Every structure is written in structure tokens, then in C-alpha cells.
Amino acid sequence: PMSFGIFCHIFANEGGIQLGRRALGYVLGDETSDGLFELVCGQPYVNLEVDAKTFSIGIPLDIQGYIDAVKASPQRAIYPELGLYEQEWSLDELVARFGIEGGARHHERFLEFFKGMVREGGAHLEKFSTEVEPHVQQYLDKERDTSLTTLSDAEIADKIHAYLEHLRTFSCVHFVIAARLGFFFTERVKSNIVRFLPEEGQALVGELLRGLDGSKIARQAIDLKRMLQGAISREQFLRAYGHLASNELEISLPRLADDPSALDRLVRDTNGSLADPLEAFREQARRRKHAESHIKGRLGQAGISEGILQELFRELRMAQRYLSLRETIKYYFAAEYALIRRALTVLAERLNLCQADLFYLYPAEIPELLKDQDVAVLKIEQRKEDRRLALALAKRKAMPKVIFESALEEIGKAPKIEPSREFQGIPVSSGDAVGMVRIMDPDLLFPTDQHELGANDVIVVRAANLGMFLTIWSAAGLIMETGGILAHGACLARESGIAAVVLENATALLSNGSMVRVNGNSGKVSVLAGRAT
């Protein structure tokens, strides 16, 4: 509950989504703050009807059309801004929908919006480096060095609220701006390449998004190597990356710096694959540049004009810059999450609560906790039982990825797992990998001695987050149950140069210890040896 409450507060409570998208020219009403995210049987969901409205630019949306498209293909609800929501309107399309006068008016609005996105795309990167990043770094340095031991309980509660407000009104706003610019221009580039090169365009898009410059996350491998060589100390490494976790948005999970042995395990599992991380990153950049040259040549052969090519590559540069910046900003706001976690743990200790218990409350209930601890404890005990039931449903895969009001009876039904030795997933990072399946527990900070990873292992997870980068880096391949080409896990896989596929119910379809082949070009996962479900 604490994690879900924090996320809703900083993103949906007139927070990052509303403030960030309005800054880019989107037209959002107050209704986009109400019911955007919901917990259903303990699982977080986004309301597609409300979400679609956060992408409005003032042209009437075909929300029923989106719902019908998702009913026909539920996978389209994952990252709906890629391929479901409109990113571009031609004059002919708008005239067909709204008539000559209305179509012309709406097309003018789109052109005005598009110019604003291009303008912001050209300016925001410099603003981040000269204003935003220095501010966040100074803010983190100051707050990390602030002692909480001299503060009263009420003052610690005020600190937590102040941390939430900084995320809501500043850091997450810039995260949303970077993500929206990256996604917007990626979708435009992808749709054009697929239109121009229908047979091979889809596979080439992922190659254009690997080896991107500037991601703070991608520095981890280089800095870990520097630590091993003695160029930086263990303390310096943890100062930079100690706030990361296997799921940084789950506030109850310990951070890397919280577990003294976690860094030792990371060194053990990644040391063999860190011969020269800088050269490995350069190789990914070379692959990207080769793909760019290939696409430019193929489009030239197809008769695409030089002007269109220049515009396509201008938009590609925007996509590449802002997808990288998105990862960097998430790195920073994950550090702010660590501040909140530290304050919560201090408060729990002060109140003689089990540390984990405090995470069963919502942020808005902290003042109530200080006034009447007995009432709060009753809520905690009830929510522990709710979570136990929710985890049982999750383990059975009994929650559908998409819930339709007309099919509520699907809630609670375990999926039908068809026995097979070959599964078709969605490719998100190219390449071919053969290795042993290692299903990772999402609540582990990092691999333990019982979950030791090797360079020939294929990691299978429900979802992958920033704190898993070094683990992913050391693996042969990655299979995720949820995500898409722009999911954080997919971005990390491309930075690591490993094959990655999204395969629904992968943790049920595959067995620990079995040998599999992962084809990141076709999306196929083949069981080579061992038990197949």
C-alpha cells in the first residue's frame, strides 16, 4: 500500500503526469487525476479510459475505438502510446472524421502541438544538464547528509511529505517530459520505418535504440569495473548506486546499500563478464550506427527523398536522447525513493513497529499513525491478510493482464498453460541466446547464494527494473512476463547487448534449470532440454 500510495501521489495526484504533459502542450482536465491507477485484488492497474485522456491535445479522442482494439488484442494495452493512441493526424484523416471545417481546425491544432514537441525536444536536454540535474544532485547531497535522529516524529512525517512533494512537482515532472518526448518520437520513427520497409522495419527499430549515449544507469558496469581496479572506493560506488533495488518503486524492498553482502554477490556474479564494459558499450553503439546506415541505404533504394530522410533521422535523434535521459532521471528519482524509505524505517523504529509493518499504510495515513497507533495497527493487520490473498492470486497467475467491465468473471481464473517446447513472445532486444533458466524472485534484492547466476543463464522475471542492470549485464538472455520495446528491462537488455523477449506467463511456462534458446529477433523461446510445462 505504501508503494502504491506513493506512486499515485507523485504521478496522478496533479503530479508528474498532469504537470509534465501540460508543459508539453497536452490538454488535461481534472478528471485525469481521479482513478488513473487502481488496485484490483492487490494488483496495480491503469484505467485505459482515463489514461487516454492524458494524451489529449484538444482533438476528440476515439476512446471506444481504443477499448475495442484492446478487446481484440489485449497486448495493445501494454504501452498503449505505442501503436494504440494516435501520435499523428493527417488532414485527410481529420476531414473524414470531422468534416472540412472541423478537420482543418483540428489539423492546425496538431501542427501547433507538433511544433511545440519539436521545440521542447530541442531545448529540454540542455535545460536538464544546466538546471535540473545540478538541482537534484544538490538536493540529494543535502538530504542524504541530513540526520533524522534529532527530529521529532512529527518532523520526520513532515520530511516524508516534503520528499513526496519534491518528486510530485519536480523530479517526476521532468521524468514524464523525457519519457513522453522519447516515446513520441520513437513511435513516429517506428511507424515511418515500418511503413517504408514493411518486411524488415519492425526488427530494425530495436537496433536503433541500443548503445545510447548518456544513460546514468549504463555507467554502473563501468564504475563497478573501476571499483574492482581500485579507481574508486566501495563507498563511492555505493554512494552513487546504493539507492537501487531489484524493483526500486517497491518501497518495502531493501536497497543495495542496505545489504552489506549484496555488492559482494554482484561482484561475484558479474566479475567474469566485466572484462571491458566500456568497449562493450562501444560495440552496442557500433551496432546502432550500422543499423542507421543500413536503414538510410534501404530507404534511399526505396526512393525516399533526402528531405524525408533528414526529418526521420532528426526525430530518431530526439528519440535516442530522451529514452536515455528517461533512464537517467529514473535513476535520480529512485534515489529520492531511498530518502523516503530511510525516513519510514527511522519512524518505524521510533514507534516500536516492525519495519515492514509501516509499508502497509498509505502515505496520507502517517499523521493518523502518530495520533492513534492502535487504529493504524488494525489496518496493518487487515492489509497483511489482503496481501497474502493477493500474492496467492499472483502466484496462480489468476489476475488477467487486462480487466474488462464486461468480463469480471475472468478475475481469479488461472490461465490455461498449454504444454509446449516452443513459445512465441514479443522481441524487444535482438540477438540469440542459449542458456539455463533462472527464475528470479521479484522480492529478492539481488541474487543470493541459493540463486547464484552465471554468464550462461537466461533470467526469467515478471518485470525488470533499473536496479537489475548489473544482473542482466552478466546474463546470456532475458525473458520478461510484461513490458514492451520501451520497457526499462528492454532498454537495459539492449544496453547489455543480450537477447530479450516478452513472454506472458513465462515464470509458469518455463522451469528452473531447463535449457532454452531465446531469439530476440523473432521473439521465439524454445525449450532445448529439461522439463517444459
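All of these numbers come straight from a predicted model, not from anything done at the bench.
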Taking every heavy atom of Phe37 against every heavy atom of Cys8, the minimum-distance pair comes out as CB-SG, 3.9 Å
Practice task
Establish, from distance only, whether the side-chain atoms of Arg210 and Gln284 form a donor-acceptor pair under 3.5 Å.
Solution key: yes
Checklist entry - Do you see a donor-acceptor pair shorter than 3.5 Å between the side chains of Glu250 and Ser252? => result yes
Exercise. Check whether more than 12 heavy atoms from other residues, nucleotides or ligands sit under 6.0 Å from atom CD of Glu279, and answer yes or no.
Key: yes
Worksheet item: Is the NZ or CZ atom of Lys296 positioned over Phe313's six-membered ring, under 6.0 angstrom from the centre and within 45° of the axis?
Response: yes
Evaluate salt bridge (Lys or Arg N to Asp or Glu O under 4.0 Å) for Arg494 paired with Glu207, printing each intermediate quantity in order. CA-CA 8 Å; Arg494 289 192 295 270; Glu207 291 296 292; over 6 Å; no
Going by the angle between their ring planes, with limits at 30° and 60°, are His124 and Tyr322 parallel, tilted or perpendicular? tilted
Salt-bridge contact Lys397-Glu481 (side-chain N to carboxylate O under 4.0 Å): yes
Review point. Do other residues, nucleotides or ligands put more than 12 heavy atoms under 6.0 Å from Asp34 CG?
Key: no
Item to complete: Return the orientation label for the Tyr66 and Tyr85 ring planes: parallel under 30°, perpendicular over 60°, tilted otherwise.
Response: tilted
*Measure the acute angle between the ring planes of Phe281 and Phe469, then classify it against the limits of 30° and 60° as parallel, tilted or perpendicular.*
parallel
- Item | Side-chain donor-acceptor contact under 3.5 Å, Arg180 with Tyr26 | yes
Lys/Arg cation over aromatic Phe55: Arg21, 6.0 Å, 45° cone | yes
*Using 30° and 60° as the class limits, which term best fits the ring planes of His290 and His294: parallel, tilted or perpendicular?*
parallel
| query | Hey, are Glu385 and Arg388 close enough for a salt bridge, meaning a charged N less than 4.0 Å from a carboxylate O? | reply | yes
Side-chain ion pair, Lys289 and Glu292, N-O less than 4.0 Å: no
Arg396 and Ala414 have their tightest heavy-atom pair at O-CB, 3.5 Å
